[in-house]
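Below is one structure, written out as structure tokens; comments come after it.
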Amino acid sequence: MGLKFRRQSPIGRYVVDFVCYEHNLIVEIDGGHHQEQRASDLRRTEWLNSCGFSVIRYWNNQVLEDMDSVLESIRMTLEVELSPSPQPSP
């Protein structure tokens, strides 16, 4: 899709894994330790959302074992965002 993502980019007091500033999309790749810090991750996501970012998360094993599906999911997320809103009937 020709989009540019920055890796390990600071946003406020957080460092996000990947961000596409053109579409305010953050992609986080989570390891097992994130199961113990769900409340912290939720606060982080809420804060990033309040700054206008959408956040999508994947587990490490998803990326390692099925990269094609992860990339397709990201593409579909952006496609929904990029599709024009339907115009009301005249």
Contacts table for residues 63-70: side-chain donor-acceptor under 3.5 angstrom, sequence neighbours left out:
| from | atom 1 | to | atom 2 | distance (Å) |
| --- | --- | --- | --- | --- |
| D66 | OD1 | S69 | OG | 3.2 |
| D66 | OD2 | S69 | OG | 2.7 |

Legend entry - From H23 atom NE2 to T77 atom OG1, the distance as rounded to the nearest 0.5 Å: 12.0 Å
Legend entry - ILVMFWY network linking Y58 to L78, side-chain heavy atoms under 4.5 angstrom: yes
Legend entry - Same apolar cluster (I L V M F W Y, side chains within < 4.5 Å links), F18/L25: yes
Inset, instruction - Test V19 against every option in V55, I26, N24, V27 by the side chain to side chain contact (heavy atoms under 4.5 Å, CB included) rule and name the one that passes. - result: I26
Throw together a table of side-chain donor-acceptor distances under 3.5 angstrom for residues 3-16, partners on residues two or more places apart or in other chains.
| from | atom 1 | to | atom 2 | distance (Å) |
| --- | --- | --- | --- | --- |
| Q8 | NE2 | D17 | OD1 | 3.3 |
| S9 | OG | Y21 | OH | 2.8 |

Inset, instruction - To the nearest 0.5 angstrom, please state how far the CE atom of M76 sits from the CD atom of E79. - result: 7.5 Å
Legend entry - By side chain to side chain donor-acceptor pair (under 3.5 Å) - contacts of Q62 (at least two apart): none
Legend entry - Sub-4.5 Å side-chain heavy-atom contact between I29 and W59: no
Do any side-chain atoms of residues 45-52 form donor-acceptor pairs under 3.5 angstrom with protein atoms, and if so which ones, sequence neighbours left out?
| from | atom 1 | to | atom 2 | distance (Å) |
| --- | --- | --- | --- | --- |
| T45 | OG1 | D41 | O | 3.0 |
| T45 | OG1 | R57 | NH2 | 3.4 |
| N49 | ND2 | F53 | O | 2.7 |
| S50 | OG | W47 | O | 2.6 |

